[in-house]
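None of these values were measured; they are calculated from a predicted model.
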There are 2 protein chains.
Amino acid sequence: MLARKIADSTVRRLAIYLRFLEEFEHQGAGTVSSEALAARAGTTSAQVRKDLSFFGSFGKRGLGYDVHALAVQLRTILGLTRRYHVILVGAGRLAGALVQYAEFGARGFDIVAAVDRDPAKIGTRWGDLVIGNVADLEKIVQREQIEIAILVAPADAAQALVDRLVSAGVSAILNFAPVQLHVPHGMDVKNVNLAVELETLSYALQHRGST
Amino acid sequence: MLARKIADSTVRRLAIYLRFLEEFEHQGAGTVSSEALAARAGTTSAQVRKDLSFFGSFGKRGLGYDVHALAVQLRTILGLTRRYHVILVGAGRLAGALVQYAEFGARGFDIVAAVDRDPAKIGTRWGDLVIGNVADLEKIVQREQIEIAILVAPADAAQALVDRLVSAGVSAILNFAPVQLHVPHGMDVKNVNLAVELETLSYALQHRGST
DNA sequence: TCCTGTGAATTAGTTCACAGCG
DNA sequence: CGCTGTGAACTAATTCACAGGA
């Protein structure tokens, strides 16, 4: 669909622009400048225009961007014009928090299954989601036509679970386990490591004052 | 303490190297090569050596790095040789998950307080943490000598809370609210947006096949 | 006139490649 | 000989600056 390889940083910013466009849309704004979007997103107007220019020319010179039309474009670019079935692999507290995370549903990500290996958890419910047995992982992935997995399992179990997810047909993984996952070419993995985020803060705290 | 400005990506990788060093240490390995570290961390040996070289020469040519000594160095660099008092601003499910997150404590981040605005939550306990009233935010920050805040509050409340945190003396914020926070120069803010992570995956899913 | 779209310039980050030390 | 440490080369990302259309 697209010639050039787009930087991850660009894709992230597009997702952020979309948030603010929706906010503007809600406030009834018809049009928005790259400058205004940049201010909200914490970047520069040149960056906004460059990011958008990889995908087309959506603005009107002298005017800016039509808020609604640009939102539609960004949803198309980001693949948010349809819904995705998501499984939670691991049913700990973090998984429980993610189930409730309204923003996922609002963006088209439906958490339709959760599994765990703890017999005490299997069969219990989170709203209308029944926690399944991890032994049935492949069956559940296929039955529910799951494309995305959120991995919130212990580090030592992670790779084996990923191998099973891959062979069951999952094509993207959001990984919260602090390990480097190995997946076949073409699969997409995104790592989130909350402890690492805190550590970059402690680094910054320590190296402050050199301003 | 350091002349050059170090890239965020470098600091993150150092935190990741530290994880694997501790694992190696646990397994009784005395020495490790940049190649072995890189394999675990999902990067290249040149990257590992370059990252470390910003801070000093920690290896022995022909041998590699002493696992324990390098771990000590990285903890020093990252500011992990002491403990930090952390407050959770917002006591929703995500906050509840973070309280339990063992890795935080293991790295020196002690969650010593949590506040919320919901009267139904105020006074309830999570382990030995009593949820306080957000009205007392400044008092709590000062009493507990808090340096880092984890902001897990609704987007519309976020900026006002940040202003209060800043004036109460907090110096770093890990922000889960999907807004761009404005803080005075010198303050450190790190944003985590889980919906954006999923959206980069849906982008990747959609633009697959051009390989 | 205003603000986009975009090549060009700049800056940042990564990889190469090899000298040099243990 | 093996593996680090590091300039130099390269690649990627951001910012500049301005031509050009509404």
Side-chain angles (χ1 to χ4, degrees), chain A residues 2-17 20-21 24 29-71 73-74 77 180 200 203-204 207, chain B residues 2-17 20-21 24 29-71 73-74 77 180 200 203-204 207:
Chain A
L2 194 70
R4 204 171 339 181
K5 201 201 156 264
I6 300 297
D8 186 68
S9 50
T10 292
V11 176
R12 280 178 123 83
R13 281 192 300 266
L14 293 178
I16 291 169
Y17 302 154
F20 296 118
L21 283 172
F24 289 141
T31 206
V32 69
S33 68
S34 57
E35 189 58 46
L37 257 185
R40 278 304 187 91
T43 181
T44 65
S45 61
Q47 182 76 78
V48 170
R49 296 198 302 276
K50 181 66 86 178
D51 287 339
L52 296 174
S53 77
F54 294 132
F55 297 91
S57 300
F58 307 121
K60 286 197 174 46
R61 293 167 196 238
L63 234 183
Y65 302 87
D66 180 275
V67 170
H68 177 73
L70 185 57
Q73 287 290 351
L74 290 185
I77 292 166
Q180 184 62 26
T200 66
Y203 173 86
H207 295 79
Chain B
L2 195 69
R4 204 171 337 181
K5 190 180 166 283
I6 300 298
D8 188 66
S9 51
T10 292
V11 176
R12 279 178 124 84
R13 282 192 300 266
L14 293 178
I16 292 169
Y17 303 154
F20 296 118
L21 283 173
F24 289 140
T31 205
V32 70
S33 68
S34 58
E35 190 57 48
L37 257 186
R40 280 304 188 91
T43 181
T44 65
S45 61
Q47 183 76 78
V48 171
R49 295 199 301 278
K50 180 66 86 179
D51 287 339
L52 295 175
S53 77
F54 294 132
F55 297 93
S57 300
F58 306 122
K60 284 196 177 46
R61 289 164 198 242
L63 235 182
Y65 302 87
D66 179 276
V67 171
H68 177 72
L70 185 57
Q73 287 289 351
L74 289 185
I77 291 165
Q180 183 62 27
T200 67
Y203 172 86
H207 295 80

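The side chain of A:Lys50 lies closest to C:dT6, out of C:dT6, C:dT4, D:dT4. If you check D:dC16, C:dT4, C:dG5 against the side chain of A:Ser34, the one that comes closest is C:dT4. Picking from C:dT4, C:dG13, C:dG22 the nucleotide with the shortest atom distance to the side chain of B:Lys60 gives C:dG22. Listed nucleotides: D:dT4, C:dG22, C:dG5. Nearest to the side chain of A:Tyr65: C:dG5. Here D:dT15 is the nucleotide among D:dT15, D:dG5, C:dT14 with the atom lying nearest to any side-chain atom of A:Gln47.
Using a 4.0 Å heavy-atom criterion, one finds that B:Ser9 contacts the sugar-phosphate atoms exclusively.
Residue B:Ser33 places no side-chain N or O under 4.0 Å from the OP1 or OP2 atom of D:dC3.
For the pair B:Ile6 CD1 and C:dA12 C1', the interatomic distance rounds to 12 Å; values are reported in whole Å. Rounded to whole Å, the distance from CZ on A:Arg12 to P on D:dT14 is 12 Å. Whole-Å rounding puts the A:Glu35 CD to D:dA17 C1' distance at 15 Å. Note: CG (B:Leu14) to P (C:dT14) measures 12 Å, nearest angstrom. Atom NZ in B:Lys5 sits about 10 Å away from atom C1' in C:dA12, given to the nearest Å. Taking atom CZ on A:Phe55 and atom C1' on C:dT6, their separation rounds to 16 Å, with Å as the unit. The distance from atom CZ of A:Phe58 to atom C1' of D:dG21 is 18 Å, rounded to the nearest whole Å. As rounded to whole Å, 17 Å separates atom C1' of D:dA12 from atom CG of B:Asp8.
Mapped onto DNA chain C by nearest heavy atom, A:Leu63 and A:Ala46 fall at different nucleotides, with A:Leu63 at the one closer to the 5' end. Closest-nucleotide positions on DNA chain D for A:Asp51 and B:Arg49 were compared, and the one nearer the 5' end corresponds to B:Arg49.
Side-chain contact between A:Arg49 and A:Tyr65 is present, with heavy atoms from C-beta onward closer than 4.5 Å. Looking at heavy atoms from C-beta onward, A:Asp51 lies out of side-chain contact with A:Ile6 at the 4.5 angstrom threshold.
The CD1 atom of A:Ile16 lies 9.0 Å from the OG1 atom of A:Thr43; values are rounded to the nearest 0.5 Å. Rounded to the nearest 0.5 Å, atoms NE2 (A:His68) and CD (A:Gln73) are 10.5 Å apart.
Minimum heavy-atom separation, A:Phe58 to A:Leu52: CE1-O, 3.7 Å.
Donor-acceptor pairing under 3.5 Å, judged by distance alone, is absent between the side chain of B:Arg61 and the base of D:dG2.
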